[in-house]
Every structure is written in C-alpha cells, then in structure tokens.
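Remember, predicted model here, so these are calculated numbers, not experimental data. Just so we're on the same page: letters track the sequence lines, and every chain starts at 1.
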Amino acid sequence: MRKELAKTYDPQGIEDRIYKNWEDKKYFHAEVDYSKKPFTIVIPPPNITGQLHMGHALDNTMQDILIRFKRMQGYNALWQPGTDHAAIATEVKVIDALKEQGIDKNDLGREGFLEKCWDWRKEYGTRIVNQLKKLGSSCDWDRERFTMDEGCSNAVQEVFIKMHEKGWIYKGSRIINWCPVCKTSISDAEVQYEDQAGHFWHIKYPLIEEDGSISKTRFLEFATTRPETMLGDTAVAVHPEDDRYKDVIGRKVWLPFVDRQIPIVADEYVDREFGTGVVKITPAHDPNDFEVGKRHHLPEINILNDDATINANGGKFVGMDRYECRKQIVKELNEMGLLVEIEDYSHNVGTHDRCGTTVEPMIKPQWFVKMDELIKPAVEGIKNGDIKLIPKRMEKTYFNWTDNIRDWCISRQLWWGHRIPAYTCDKCGEITVARQKPETCPCCGHDHLTQDPDTLDTWFSSALWPFSTLGWPEKTKELEYFYPTDVLVTGYDIIFFWVIRMIFSGYEQMGQKPFNTVLFHGLVRDALGRKMSKSLGNGIDPLEIIHEYGADALRMTLITGNAPGNDMRFYNERVIANRNFGNKVWNASRFIMMNMPEGQEAGPDMPGALNAEDKWILSRFNTVVKEVTENMERFELGIAVQKVYDFIWDEFCDWYIEMVKPRLYQSDDQASKDAALWTLQTVLIGSLKLLHPYMPFITEEIFTTIQSREETIMLSAWPVYREDFAFPHEEKGISMVKEAVRAVRNIRAERNVAPSRKAKIYVVSDSDEVLDTFREDEVFFKTLAFASDLELQKDKAGVPDGSISAVLPAETLYIPLADLLDVQAEIARLQKEEKRLQGELKRSAGMLSNEKFLAKAPAAKIEAEKEKQKQYEVQMEGVRKELEQLRSM
RNA sequence: GGAACCGUAGCUCAGCUGGGAUGAGCGUCCGCUUGACGUGCGGGAGGUCAUGGGUUCGAUCCCCGUCGGUUCCACCA
C-alpha cells in the first residue's frame, strides 16, 4: 500500500505518535563509542516543582536543535537530561501544600517532612519531563538524573570533603543575608534589590561629657533608614580627617533605650560629603558596619530573632516585630527630642528572590566556600578562550562578578537538600567532616556526635552537574568520553548562579573546563515586551501553544528573528505564521507525492538530462546547505533557519515548482519529466533535513511517507555540499533562470498596472528564454517553460529577436520587449547599477593597490578581492551592453 | 555610582568582521476559486537605518558626544 499524506497536517496526535516511536526505538540514546566523535550537552536541570514555561521552551528548543543537527552530522550526540531538587523552591511549595492540609512542617519532624518532599518529587518530578517531551526534546532519557540521586549526592559529598580538606570550605561567623520568612540564610546572588519608598530619619545621640554625664547641648547627628537597628549600635564613626569631629574621636555618645555608652571611632569608610559625616555602626546588622566593627574590635550585638522580631538585646522592645519597633523607636526618640527630622527617601532594599521578604543582614555561623583561589582558573579560562561565551559581551558581565566575588555562603537552614557532612561532638564541640558519621570524636573520644542540621545551597549540586551526571566521582567511561561537554545553553539571568559555579567547579574537580561554549539566550517577553510573570498573569503557556499549533510552530517561533542573548517578544501572530509555513511544506510535499509514480524514488545519482531550472534550484540548494551548516556551526540558529524558510517558500515553492509544472503536466519528454521529479524529491528531502532540527515532527512525518529507504529522518545524514550540484555560476541556463525570474516579475507588474489589457503575451530577452503561459481571458502569468521546450515553438512561431513572446499550445503571440518593460525605468535601474559597479571597481582597485592591504591581508582575502574585481568587470560589461540596447529601442 | 544592550518599513524584529536598504513576519492597498496550499498566489505602497561630529574613496555597521528606552552590578549610613 502506498503511503499518503493527509490533506491537511494536524499536529495533534501525530506529534505524540512520532515521539513515542522515537523513544521506543531508542533513537535518543547514546552509548560510549570511540569510533565516533562525541557531542554532548547537559540540560540545565529544571526544578521538580516547575511547570514548563516559555523560558524552558526556548532553552530546550535550542539544545534540541543543536543535538539533532550534530546527530545527523554523524556525531555521537548525547543530550544528558535531569532535574533539580531546587532546595528552597521545593521546600516552600511543600510547606504551602502541607499548610493547606493543616499540617505544620515542624510537627512532621525532619524525616516526616523529607518523606513528603520525596512524595512531591515523585508526583511532580515527571511532569516537567513529560512537558519537555511534548516539545520534542531528544534527550537520552535512559540517562536521566536528579541532583539528589545517589550518584549526584556522592559527588556533592566528595566535593565538600575535598574542599574542606583543602581549607576552601570553612565554617565561620560572618554577616549573611537572612530571610526572616524562610528562616534561612541566602547567598548574595539570591538577594534582589528593589527600589522602595522609605524615610531617612535624622537622629542625634548626646555626647558623653568629660565628667561622664550625658550632654544636653552637644550631639552627634546622623541619618538612618533603619532606626530600629540602633539597638545594636556599638559605635558611631566619622572620617579621620574630618575637622568637624576631630576633637570628639575617642570620646563616647549615649545610646538611648539600651542605655549604653558607645565610642566614636574614626574610619575611612565614612564619606565626609554625605549627610552630616557621621554614621552609626551596627556590626551585627550591616555588612559595611560589620567590617568597620572588625577593624575597631567593636562588639557585635544581634538584636533580632530568626523571625525578625526583637530579641532580649533590644531591652524593652523585646518581642516586637522589626517594623513595629521602628515606629515605636521613632515615636519615642521624638518625645525625647532626639529626632531631628524625617525625610522622604527612596532607596534600594534587599529582598529574597524567592519570597520577596526584606532580608536582614545577620551574623550567623555558616559554611562558606573560599572564592579567591577557586575563581582564578575560571577567570583565566574565559580570558584565554578555553571557554567561549556567546555573545561575547557576556564576558563583561562575567568578569564584573568574578572581580568582586565574595565567599559563597553555602549552608541553608532547610531540610530539603544535601545535608552537610559535618558532625559536632556533643561533648567538646569539635567538628568533624567525614563521609560517614564517626563512631567517636577524634578530639575527645566521646561517642556521641550530631550531624550539622543544615543543608547545602541548591547551586552547590548544580555546579557539579556537567560531571556528576556522567558518573563522577566514579571514573566512568562516560566521563572519559563525553567530558568536557560541548555546549551549555542557558539564559543570561543565570550566569552568576550557575554558569560561573560550574566553570570553577569543573576546573577544580575535573582539572578541565565543563564545556567549550556557553550559548546564552535572552528572556521571552510578552507581546508588550514585559517579563512574563505570575503576578502580571501575562504568561503564555507553551503547552497551550503546542496544543493549538503544534510543537514545530512553537519551536520555529522561538528561534526565528532572534539573536543570541537578546530578549524576544512572543505573540500569536508569529506562531500562526510559522504554523502556516508548516502547512506550506506539507502541501509542497503533497504536490510532489501526487506527481510521483509509485515506486519512483529519487536515488542519489543525478540524472543526465537536467533542465536549466533543475540546475538552478540544485545549485541554490547547494549554497543553502553550505550556508546553513556554517551558520549552525556558529550557533546562529535564527539566521540559519531563516535561510531554510526563505529557500523553501520562495525559491523552491514559488519559483521552482511553478516552473516545473508544465513539464509534469504537458510534456511528452519522459527524460525531462524524470529529471524534474528527481530534482523535486532531492531538493525537498534535503530541505526537510535542513529543517528537521527546527521542526522535527512534520519533517519526520513527511520523510517517512515520501521515501522508504530510511526509517527516520532524525538519524539520516545531514546534507553536505555536493560538487556535482555546483554548476558553474555563469552556466547559461542558470543565469537565464535568473533573468527569467526578473522578466516575469516585470511582466506581472505590468499586468497589475494595466489589468484591463488583454494582450496575450510573453517571454523574455533576446537570448534564450522563458515563457509564461496564461489563460485566454486575462493576462495571467503563472507558469514558465524553458528554453528546451521553447526553442522548438519559437522557431515555429517565428518570434523575432529582441522581443518577448508568449507561447500557447496553439498559438504564439508576442509583443515587443519595450511594451512589457518600462524602458525608462529599466534604463534608470541600469544606470544606478552602472554607478554602483563603478564604485565597486574603484574600491577594488583602491584596495588592490593599497600596499598596507596587500602586505597585511591574508592571501585568501586578496584572491577574493581579485575575483570580485573580475566579476564586477564582467557585470559592468553586461550592464553597458544592455543599456546600449535599451537606449536604441 | 559602574557597566551592557537597544533606537532599521505602521507594529515586532533580523541584518556575520564597513561596500547596493539586502530584508522577514504581521498589518495595509490592489488583483486572483491558478489541477499542492486562501494556513494560499501575484503585485504595490511604506525606511533621512534616533541625533550631532569624526575616521574612510565609501558607514546602518568603526570611534566620540547627545537624546530616548531597557537591563545588570554595586550601594552612602
């Protein structure tokens, strides 16, 4: 039974069927095979809590395109998939879900809660994976990993222990960002600053007089945006060179409410120009003050509980919420006459990127990764080009971060995550870092140790992803073969969180880079250019788009017209346009199939009797293959697919197929017919292959229907440049086709200008030609026939040179060229062309006589220039000849 | 405060290392039931490539400045 294509392409059903087939046949699976070159991509692991959004869709489409492209090129392509436990994100969700059932996290206890988390993962961890499959992602699902599976957990533990031994992981009391709602520390990268309207409270502290009394006349005035932190003040600071305060340095001021006398210290940190030049110092609740405090050995007084209420150090304010306390303090200061003024002030407030809560800087014992040494190879690797960032400008962002890097706070007061492998002796407090809980304390021999309750930052495990997924710390053959990976595709918003951390982890743990290239994409925004967000409700669900238009249309929309690293706008009209393109491909294929006699599949060998238009489209296809491949190798996916799109729609469908119709329908010449059919199939199948990485489903459906030799397009060979398709550019037939195209356009224009004219017309040029058939009742130019067919009829009709004629089966009519072409316009065009060529020739001559250019430019470039010059000369000659001819008409 | 990006057709955007505004989608106007496709076909209108200056034989593309927009980083209490 001969296969057929349905009248219309309906992605629903077809896509799922095709995907299942691919999966069943294990086409996505890659095994270590030293006879083939590997090409590896590791997926940025989506959160198990996640729902597929446009960002994922873009990210994974790009990866799938690259993987499919390389797979077809014959590489052993591995797309390593997996999911991320996403510590805090998941924990928050699970807590919320429990809350709805009226369950509190703490009532369940650690074990009980973790069980709920694993249940969650079981339920939702597969959801995102299934959604990725809907997109067409050709991941090797047999190798799917999870950041908290056994292997990845081993990797985490191994790295922690190694780095601790090296002294690069340490525990210390440092100022960290604390989220009072999530009740955990967070890293600098997780703090999001946003502008908030606030106030500047101008406050004064009374000076302590020589006799120890509190002055009623002398004050030190300063301003603050967080008055409540004064409860933790342990000094005020001035600039050492500030003449206004030189005499009070070393003396003390009185701190109200807690009745403390605190010193006036001199520190360069103070900006004399800003405000009064006096700063209150709260070492426990401000990073800068913390540093000042260290320099002057000031006490650090923590005034906050973990939920940001005031603790016992806050005296009478104990138990109050931080903002309540602020109000109260301001009120009382005012009553005491110590409030000078309140100023409106807009300032940046640090918030937690997960929950939006204003973070409080606090001093807490936490685990840190020492960054100064670790970051060095990561900086060097980018600088010396070991790793390439695309687009290159991302390097600046990268260095901006690495240059200002601070130690990384990795401990989190969460339960869902990798527990820190550190054990504290209940007796002597000695901390032991080990793979397993020690039986006895190596310090005092006590036999009861408690594991650190904290877990690790989720990015700690993601940082190891490129090698932990390949089996590290085991020495696997996968690791040897697939590592370093080739490309990492991700959004630029994640560069600090993830990309940098993978890079330094790769260099440190593996001794080499984790990937060769990082390909960044931008954000997918809504039609108005806004970020898609839950709160705005402007998110577009990729699954709905897939449901309505198909994954192919969605993928095309995400890739076309977009440059690396640039944000894009998503709107339905673009999806529809791409759906329409799919429809076009479908119908062109249907046309070819319905003209194919059964069993007549195009073989690899080119028939001898090719017509001019066959050669033309083959040579065009050849060029497109070359260019598209080059673009794709340079990761210029948007440009590459645009070329395929234009080629298929314009040149192949609108011109070639139309040109070839008379041969299929009317010609008796079987050889010519066969040549047409061969060319149609060859170019179609080749184009389908070029398109496959972008539109995997429709191309597979057509491919498996139109030919029977291969069972899937995804494992078929990527088209390569063929010498035998590279017909010399000047070959008469090909230039003739171009001329024909131009002439037909002129004629069509003519028809539109004067549609009432019933002349029966046409063909082009005085050389060999093109003819356009038409219906009797109107001047309608649709199809073309070419020289070979025409020659004969032309003789019959006695068409004179220098005219354009139309040939109908029965009769031939002609009108002079001048009637069809607007001679004046044509002359103007040619004159313009002549001028341009003059310019080009001048440039060429200039370059070729430029000593500097000849000395410095690569030989190939000089050759190319000479070649260009020759071409210009030829073109110029042609233009002048044509002009002469037109002028004489 | 530092940095990056953007400003090209009515709208959204491509345009690789300087050499014809080369251009796409959508929109718009005109004409088409053409033996694959109206999810289509043909034709047209529409652009001082933000602005001023510089380098060059030549700049949308390079350099400097200005204006407008977006974003990232840092953060001064």
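Residue Lys584(A) contributes atom NZ, which lies 16 Å from atom P of rA24(B) at whole-angstrom precision. Atom OH in Tyr269(A) sits about 6 Å away from atom C1' in rC76(B), given to the nearest Å. The distance between atom CZ of Arg569(A) and atom C1' of rC26(B), rounded to the nearest whole Å, is 14 Å. As rounded to whole Å, 16 Å separates atom P of rC6(B) from atom CG of Leu523(A). Computed from coordinates, the Met632(A) CE to rC16(B) C1' distance equals 16 Å when rounded to whole Å. Separating the NZ atom of Lys531(A) from the P atom of rU71(B) is a distance of 7 Å, rounded to the nearest angstrom. Rounded to an integer number of Å, the gap from Arg393(A) CZ to rC16(B) P is 13 Å. Going from atom CE of Met596(A) over to atom C1' of rA36(B) covers 14 Å, rounded to whole Å.
Within the nucleic acid shown, Phe274(A) comes within 4.0 Å of at least one base atom, counting heavy atoms only. Using a 4.0 Å heavy-atom distance criterion, Thr225(A) is classed as a sugar-phosphate-only contact. Asn288(A) comes within contact range of the sugar-phosphate backbone alone, with a heavy-atom separation under 4.0 Å but no base atom that close. Here Trp201(A) lies out of heavy-atom contact (under 4.0 Å) with every strand. Across all strands shown, Ile657(A) has heavy atoms under 4.0 Å from base atoms, whether or not it also approaches the sugar-phosphate. Residue Phe399(A) is classed as having no contact, given no heavy-atom separation below 4.0 Å to the nucleic acid. Nucleic acid contact class of Arg226(A) (heavy atoms, under 4.0 Å, all strands): none. Within the 4.0 angstrom heavy-atom criterion, no nucleotide atom of any strand lies near Tyr492(A).
Listed for the His199(A) side chain is no donor-acceptor partner under 3.5 Å among the backbone atoms of Trp201(A).
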Verdict with reasoning, His202(A) to Phe222(A), per side chain to side chain contact (heavy atoms under 4.5 Å, CB included): CA-CA 6 Å; His202(A) 295 254; Phe222(A) 58 88; over 6 Å; no

Check against salt bridge (Lys or Arg N to Asp or Glu O under 4.0 Å), Glu395(A) and Lys392(A): CA-CA 6 Å; Glu395(A) 289 182 6; Lys392(A) 200 171 165 47; 3.4 Å; yes

Chi angles and distances behind the side chain to side chain contact (heavy atoms under 4.5 Å, CB included) call for Arg525(A), Met532(A): CA-CA 6 Å; Arg525(A) 295 169 176 278; Met532(A) 290 188 187; 5.8 Å; no

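Separating the P atom of rC37(B) from that of rG42(B) is a span of 14 Å, rounded to the nearest Å. As rounded to the nearest Å, rU51(B) and rG68(B) have C1' atoms that lie 10 Å from one another. Comparing the same atom, C1', in rA21(B) and in rU60(B) gives a spacing of 9 Å after rounding to whole Å. Here, rU48(B) and rG7(B) have their C1' atoms 15 Å apart, quoted to the whole Å. Rounded to whole Å, the separation between the P atoms of rU17(B) and rC11(B) comes to 26 Å. Comparing rU8(B) with rU12(B), their C1' atoms are spaced 12 Å from each other, to the whole Å. Taking the P atoms as reference points, rC49(B) lies 16 Å from rG23(B), given to the whole Å. Spacing of C1' atoms, rC41(B) relative to rU33(B), comes out at 11 Å, to the nearest Å.
Projected onto RNA chain B by closest heavy-atom contact, Lys396(A) and Gln192(A) fall at different nucleotides, the more 5' of which corresponds to Lys396(A). Between Thr397(A) and Thr8(A), the residue anchored closer to the 5' end of RNA chain B is Thr8(A), taking for each the nucleotide with the nearest heavy atom.
Relative to the ring axis of Trp408(A), Arg501(A) places its NZ or CZ within 45° and under 6.0 Å from the centre.
Contacts between residues 571-583 of chain A and RNA chain B, defined by a heavy-atom separation below 4.0 Å, involve Tyr571(A), Glu573(A), Ala577(A), Arg579(A), Asn580(A), Asn583(A), listed by number.
When the side-chain nitrogen and oxygen atoms of Asn348(A) are compared with OP1 and OP2 of rA74(B), none of them lie within a distance under 4.0 Å. For the pair Trp655(A) and rG42(B), the criterion of a side-chain N or O lying under 4.0 Å from OP1 or OP2 is not met. One finds no side-chain N or O of Lys280(A) lying less than 4.0 angstrom from the OP1 or OP2 phosphate oxygen of rA77(B). Regarding contacts with the backbone of rC37(B), every side-chain N or O of Tyr9(A) stays at 4.0 angstrom or more from both OP1 and OP2.
Taking each heavy atom of Leu677(A) and Pro597(A) in turn, the nearest pair found is CD1-CD, 3.6 Å. Closest of all the heavy-atom pairs between Thr351(A) and Val359(A) is C-CG1, 3.8 Å.
For RNA chain B, the stems formed by at least three consecutive Watson-Crick or G-U pairs, with both atom-pair distances below 3.5 Å, span B:1-7 with B:67-73, B:10-14 with B:22-26, B:28-32 with B:40-44, B:50-54 with B:62-66.
Partners of Arg244(A) by salt bridge (Lys or Arg N to Asp or Glu O under 4.0 Å), not counting sequence neighbours, listed by chain and number: Asp242(A).
By the 4.5 Å heavy-atom criterion applied to side chains, Ser589(A) and Leu5(A) are counted as neighbours. Glu190(A) places none of its side-chain heavy atoms less than 4.5 Å from the side chain of Asn177(A).
Arg295(A) and Asp267(A) are joined by a salt bridge, as a carboxylate oxygen and a charged side-chain nitrogen come within less than 4.0 angstrom of each other.
Ring to ring, Tyr694(A) and Tyr645(A) are not that close: their centroids are 6.0 angstrom or more apart.
Side-chain to base pairing of Glu395(A) with rA4(B): no donor and acceptor N or O lie closer than 3.5 Å to each other.
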